[in-house]
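Worksheet: the structure to be examined is printed underneath.
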Amino acid sequence: MNSISEYAKSFPASGIRAMFMLAEKYPGYANLCNGEPNFETPQYIKDSAVKALSAGMTRYAPQVGTLAFREAVADKYTLQFGRECSPKNVCASLGGVEAVILTLMAIVNPGDEVIIPDPSYTCYEAQVRLLGCKVVRVPLYEENHFRLRADSLEKAVTPKTKAVILNYPNNPVGAVLTPEDAEQLADVIERHSLYVISDEVYEKLVFDGKKHYSLAQVDRIRDQVVIANSLSKTYAMTGWRVGYCFGNAELISHIGEMQQALASCVPGFILQAAADAISGPQEETEKMIAEYEARRDILEEALSGIPRIKVFHTEGSFCMFINIKELGVSSRQLADDLLIKAGVLTVGGQAFGKMGEGYLRVCFANSRDEIREGAKRIAAYFNSL
Ligand SMILES: Cc1ncc(COP(=O)(O)O)c(C=O)c1O
């Protein structure tokens with residue numbers, strides 16, 4: 001059969017999906033794998049969508065999104081960044097995933113290089129390749145707490161580099177961006193006139209009293225940064241598929257044009273609910289964040305007592321990275337063994353890039369009971385070795 005595209009034939013299989021497929025054969029597992037809030041979308045958001053539907057918001061919305069939605073996002077950033085932001089800085093997207101590819105479509109040409117840290121969220125590589133660009137992975141090191149260092153970024157830059165995709169707070173390692181790191185990275189970004197696609201879908205999931213810091217807050221590079229954001233994690237709205245790109249107005253207008261080729265628009269009633277989510281009461285989100293922090297503490301404490309593994313303190317996101325190198329088995333093998341022999345679903349770090357080999361990712365997006373059970377099963381497995 002030669003009618004399948006080269007792209008489809010070489011499409012990188014998702015390591016996370018592979019684990020879920022395997023898990024179908026082993027029901028009854030404790031799920032520490034999925035990066036999806038187990039909360040319901042808050043009622044005020046659902047009510048808003050129903051109201052918008054009843055009011056007849058059933059037709060195509062503008063490509064860039066409704067004005068109400070873009071205003072809600074602009075107001076959010078005006079407050080957050082302390083500078084005037086406008087609806088012209090905002091284009092609606094089908095979640096964070098589409099925000100990344102819309103932005104790439106507006107900035108890259110075939111043959112350009114795009115830098116992606118290793119390990120990283122699994123979707124970026126396929127998106128970059130889809131546009132005929134070369135992926136350049138830049139290694140993150142445990143000894144630097146998996147933070148991207150400016151000198152590592154500098155080394156990866158060539159005359160063909162067009163953009164870098166960064167993600168803080170981070171999946172899979174749980175790191176956040178510090179203002180100091182941001183300044184140093186900004187030097188390289190400014191010197192080489194790179195675009196940054198800054199995936200900030202976990203912006204609210206920051207713990208220990210810390211606050212999210214965005215590269216878009218570094219004034220001298222702010223026009224080079226496009227934030228890819230989403231309501232999926234912040235408001236437990238993964239199934240709604242709504243997010244946005246936020247960046248300089250000229251670039252955003254081109255990003256808006258790109259929506260024509262992908263989805264035409266994000267549905268209007270979804271955008272109305274999303275606008276109300278962002279500008280409405282934030283108490284439910286705050287409660288969810290506090291609960292995630294409590295779950296992180298439970299998981300970290302339970303896993304830290306297990307010999308031969310090293311747990312990294314998650315500062316943000318609901319992902320935790322664990323060094324399993326002392327065991328001398330591959331990450332995939334350990335994830336398989338944990339599922340099959342211990343009944344706990346995790347994912348090997350190799351699913352996020354070569355540098356993830358020797359690590360395991362566990363998530364605390366599920367209930368406390370599920371987390372306790374999962375950690376108990378992991379401990380029992382290690383004790384039986
Ligand atoms: C780092 C990162 N970016 C983007 C996404 C996609 O989220 P969305 O539902 O907004 O498309 C995820 C989902 O797990 C993620 O972990």
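What you see below is based on every heavy atom in this structure, not just the backbone, and it leaves out hydrogens, waters and symmetry mates. All values reported here derive from a predicted model rather than from experimental measurement. Order of listing sets the numbers, starting from 1, for every ligand and every atom in it.
The closest protein non-hydrogen atom to atom 13 (C) of ligand 1 is Lys233 NZ, 2.9 Å. Nearest protein neighbour of atom 11 (O) of ligand 1, counting heavy atoms only, is Arg241 NH2, 2.8 Å.
Between Tyr202 and ligand 1, at least one N/O pair is under 3.5 Å apart.
Taking the side chain as every heavy atom from C-beta outward, Asn248 and Arg222 never approach each other to under 4.5 Å. The shortest distance between side-chain heavy atoms of Arg70 and Val64 falls below 4.5 Å. Residues Lys162 and Asn109 meet the side-chain proximity criterion, which asks for heavy atoms closer than 4.5 Å. Residues Leu205 and Glu293 have side chains not in contact (no heavy-atom distance under 4.5 Å, counting atoms from C-beta outward). No side-chain heavy atom of Val173 sits less than 4.5 Å from a side-chain heavy atom of Glu142.
Those atoms of ligand 1 that come under 4.0 Å of a heavy atom in Ser232, given as number and element, are 8 (P), 9 (O), 10 (O). Every atom of ligand 1 is numbered from 1 in the order shown, and the set under 4.0 Å from a heavy atom of Gly95 is 10 (O), 11 (O). Every atom of ligand 1 with a heavy atom of Ser230 under 4.0 Å away is listed here by number and element: 8 (P), 10 (O). Heavy-atom proximity to Gly96, at under 4.0 Å, picks out these atoms of ligand 1: 8 (P), 10 (O), 11 (O).
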Exercise for the section: Under the side-chain contact (heavy atoms from CB on, under 4.5 Å) rule, what do Lys310 and Lys325 come out as? Steps first, then yes or no, please. Expected result: CA-CA 9 Å; Lys310 188 167 146 201; Lys325 290 183 181 171; over 6 Å; no
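At least one heavy atom of Val201 sits under 4.0 Å from some atom of ligand 1.
The closest heavy-atom contact to atom 2 (C) of ligand 1, among the options Asp199, Leu94, Asn34, Asn170, comes from Asp199.
The only option from Tyr202, Phe207, Phe39 that meets the ring pair (Phe, Tyr, Trp, His ring centres under 6.0 Å) definition with Tyr292 turns out to be Phe39.
Between the side chains of His192 and Glu154, at least one donor N or O sits under 3.5 Å from an acceptor N or O.
When heavy-atom distances to ligand 1 are checked against a 4.0 Å cut-off, Asn167 comes that close only through its side chain, counted from C-beta outward. Neither the backbone nor the side chain of Glu98 has any atom closer than 4.0 Å to an atom of ligand 1 (non-hydrogen atoms only).
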